[in-house]
Amino acid sequence: MIVQNERGDLIFLNTKSASYVLWIDQWKCLHCLHFGGKIAGNVRYLGQTEFKSFSPTPPDILIEGVSPDLTANEYPDFGQGDFRSPAAVIRRKDGTSHSRFRYCSHEVFRGVPACEGLPHVRQTEGAETLTVRLADAISGVEIFLYYVVFEGLDVIVRHAEFYNPTAERVLLERAYSFSVDLAGTRRDILTLHGQHLGERMPVRRAVTRGRYTVSSARGASSHQDNPFLALLSPSCTEEEGECMGVTLLYSGSFALSVEEGQTGLLRLLGGINDENFRWRLEPGARFVTPQAVLAWSQRGLGALSRTFADLFRESVLPRRYAYARRPIVINNWEATYFDFTTDTLLPFIDEAAKLGADTFVLDDGWFGARNSDRAGLGDWFVNEEKLPGGLGALISRCKEHGMRFGLWIEPEMISRDSALFCAHPDWAVGREGERCESRHQYVLDFSRSEVRDEIFARIAALLRAYEISYIKWDMNRHITECCSAGLPAEGQGEFLHRYVLGVYEFARRLTEEFPNVLFEGCAGGGGRFDGGMLYYFPQIWTSDNTDAYDRTRIQYGTSIAYPLSAMSCHVSACPNHQTGRVTPLASRGLVASLGATGYELDPSKLTKEEREQIALQIRAYRAIEPLILRGDCYRLCDPFADNYFCMAVVAKDGAEAYVVGQQRLACADGQLRRVRIPGLRAETRYHIEELSLEAYGSTLMHAGLNLPLLGDFGSWCWHIRAAEEQ
Ligand code: DGJ
């Protein structure tokens, strides 16, 4: 997969159908000549440029007019002729920061690199890694660029590692994970934006001259901006055309930029957000950047999403859970909020069991003086006024019904009104008198090990004392006053990244010590939905917005970058608590079936018919769950552009498909609409259960099925199974 020419100056990273080609020129400058469809041979000519512009030549390049400003540079340096955005900025003791990165050596090894302390792609059969060592001719700092390729996937995973072999400290003021200069035609940028209750809405726009950045400075990847960016040829659609995308395995403040320069080359680069970032790299020390997953597709955005989904499931999600059936939870949050006791929860559990849910999750409000969101965070001790004798009675009742028990926590936070804050006011991020409150809470300084240790001890004690099989790990505010009492003045620029490293260390300890507990990520809904968290948590609460129509958009957008099985999707009561909208229960169930499904309502308030319907939904979900866990997702109707939403999940062998659709508003002037079902076998006959219809795969793939006409927010599903395999 990784091949080089005899001279050793051309390196081809060949994936399933793409090539990423590196070239080391006579001045030891490293260039990327191509990232796209597979190529071979002497392709050095791709590095030539006719431009002679207002562009300087560094002193070691002995031909006048040859300038890094004009070429496709891999991991560009700063202030020595390339005026585009640099991949790294290294400030030396004398205050200067220009750099000159030159190639030193490279090697190839089997397997994947270790990225200590950071989420990273797991050891995967057939994976190979290229390491290129660069040295900064000015500061002496060395940079190791890593490129991982996988068998059968059009993916390259990149990161950089800095090593300081000199006798003096340097400051890393930018240390991006990757940078690539892309040649070729015009492109559109696709990014995922939103806010609380409306995460990951796709936004597509044309690239024009200048720089475009998607970033978060919130200390979390955030609801507002996701660490994902795709570049599409302007004609690229869901199923046709060329595109590439990148997602970061990182959960903190990030930046991804695109810059079209004077030659038309497009620079794509990113990693840790460098606003408020400044890392001291001491003599002999290393700094590892988060990994960036780059994927490529020549068959549209849909294929790009399926590649990301495969990579996440195969190499990022916790192995134990990636393809495992997920608990169908019933969560009490929207049913009770903070208002519950053991006496009110026991009948809740009895009713939940009758529905067929297999895990009861006790949400916020079970600890400390937590009767509202104003108090108690940090006091991870059961509130015995609400739950006399602890959680035992609830867990026993769950067990009597053959159910499991799950619990909500928010380990990174502290309420001003808490025993923890009284004992350790300095453990909150920021300084007294300067701190912003958000949801009446502060952030705990997880960059400090003593803070993490104490919270770990409290949470681990609960997990040891009780039979808990599921934890929902929430995070309900972003970080302001970014500073730590544990860092010296000159180290404050390290805080935000050290915080994220602290979160990862905490998650690693918990998941390693309690491997039988399934951890679900959450951050006020989907405010930290990223590849970093997915390394520890196989699923994440997609959004606090459970409205069945809004969810079609949120889940559609999220599926562009992440697998369906990573999305936790619940059915809630109507009128919906976030939008006030009333949607049919069938619709809510079907939309929630496109992920790790569950319920978020009071079962005792359901009618007999609704209870029966939910019991059927749960049984139906178990039948299609293997498709959600392993299948290929196709987005068939775009709810942002259409009155319809429609998504298909198709088995990799084409034997089966599950299609869910929703019609937003009923139409009196019904027009014939069809969707084609991709991914089937042309010559196989399929049975479509709901339509009592048989059709060849070719018919379903090329002619399609008629969309039904339904009432407002009505949904439908089709189970399509190979007739001979039933
Ligand atoms: C935000 C979460 O997204 C909700 O599901 C719920 O757990 C609340 N926090 C509890 O405070």
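This chain uses plain numbering: 1 for the first residue, then up along the sequence. Keep in mind the model is a prediction, meaning the values are calculated, not measured. Numbering of ligands and ligand atoms starts at 1, following listing order.
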Heteroatom proximity flag, W408 to ligand 1, N/O under 3.5 Å: yes
I409, D364, D474: member with heavy atom nearest to atom 1 (C) of ligand 1: D474
Atom indices of ligand 1, in the order listed, that fall short of 4.0 Å to a heavy atom of W541: 3 (O), 5 (O)
Candidate pair R326 and E520, rule salt bridge (charged side-chain N to carboxylate O under 4.0 Å, His left out), full reasoning: CA-CA 11 Å; R326 306 294 169 75; E520 171 166 314; over 6 Å; no
Numbered atoms of ligand 1 (with element) below 4.0 Å of G525, judged on heavy atoms: 3 (O)
contact_flag K472 ligand 1 heavy-atom lt 4.0 Å: yes
Ligand-side contact atoms (ligand 1) for residue partner C522, heavy atom cut-off under 4.0 Å: 2 (C), 3 (O)
Contacting atoms of ligand 1, where contact means under 4.0 angstrom from a heavy atom of G524: 1 (C), 3 (O)
N-O pairing of E432 and R435 below 4.0 Å: yes
Residue pair D364 / W333, side-chain donor-acceptor N/O under 3.5 Å: no
Electrostatic pair D358-K399, nearest N-O below 4.0 angstrom: no
Polar atom proximity, R439 to ligand 1 (N or O, under 3.5 Å): yes
Test of proximity, D363 against ligand 1: N or O pairs below 3.5 Å: yes
Any side-chain donor near an acceptor of the partner, H196 and D544, under 3.5 Å: yes
Ring-face cation of R452 near W427 (centre distance under 6.0 Å, axis angle within 45°): no
Closest approach of any protein heavy atom to atom 3 (O) of ligand 1, naming residue and atom: D544 OD1, 2.3 Å
Which segment of N331 sits under 4.0 Å of ligand 1 when only heavy atoms are counted: neither
Side-chain ion pair, K386 and D339, N-O less than 4.0 Å: no
D712 with R664: basic N within carboxylate O range, under 4.0 Å: no
